[in-house]
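Note that ligands are numbered from 1 as they come in the structure, with each ligand's atoms numbered from 1 the same way.
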Amino acid sequence: MADFRVGTGFDAHALVEGVPLVLGGVEVPYPRGLAGHSDGDVLAHALTDALLGAAGLEDIGALFPSGDPRWKGASSLHLLAEAWRSVREHGWELANADCVLIGEEPRLAPHRDAMRAALSRAIDVDPALVAVRATTTDGLGFTGRGDGLAAQAVALLRR
Ligand code: MG
């Protein structure tokens with residue numbers, strides 16, 4: 001009988017001037033971008049942590065410490081691919097993942113397909129297995145004020 005494991009991931013980064021906005025591996029035209037040691041891609045980070053959590057592995061911060069110069073400015077798709085490699089090495093395959101961006105803007109819809117394609121390419125699975133959606137917090141909290149963006153993800157693995 002198949003063995004299934006579920007994992008969740010959450011991440012948030014501040015929106016700041018002077019850096020590109022990268023979400024789900026896609027550069028989105030917007031006046032501000034996400035601060036971070038890597039490119040700050042909250043969607044990729046949440047998905048990475050969901051996959052690692054489902055496999056019972058350490059979190060993204062343990063695998064890619066923010067003080068490590070190797071990951072400075074790193075593409076989060078690269079971190080996602082690296083994390084996925086360890087998950088695969090433990091014998092897991094992806095059943096599906098669902099990623100939700102939390103913020104008032106920018107609008108995600110025009111970039112959704114490109115994000116699904118980029119995230120699924122990084123982990124070498126069918127884009128149909130990786131959903132990318134968005135929600136607002138109705139103007140409430142740090143995402144509502146536009147101080148930052150957050151993301152959550154859930155992933156189901158099987159072997
Ligand atoms: Mg992060």
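Here His13 pairs with His45 under the ring pair (Phe, Tyr, Trp, His ring centres under 6.0 Å) rule; sequence neighbours left out. Qualifying salt bridge (Lys or Arg N to Asp or Glu O under 4.0 Å) partners for Asp98, counting only residues two or more places apart in sequence or in other chains: Arg133.
Tracing side-chain contacts under 4.5 Å through hydrophobic residues (I, L, V, M, F, W, Y), one reaches Leu94 starting from Val87; they form part of the same cluster.
Side-chain heavy-atom separations under 4.5 angstrom define the hydrophobic clusters, and the remaining members of the one that includes Val16 are Val19.
Remark: the backbone N or O of Gly139 is paired with a side-chain donor or acceptor of Glu104 at under 3.5 angstrom.
Residue Arg159 places its CZ atom among more than 12 non-hydrogen atoms of other residues, nucleotides or ligands, all under 6.0 Å distant.
For the Mg ion (ligand 1), the count of nearby protein N, O or S atoms, meaning those under 2.8 Å away, is 3.
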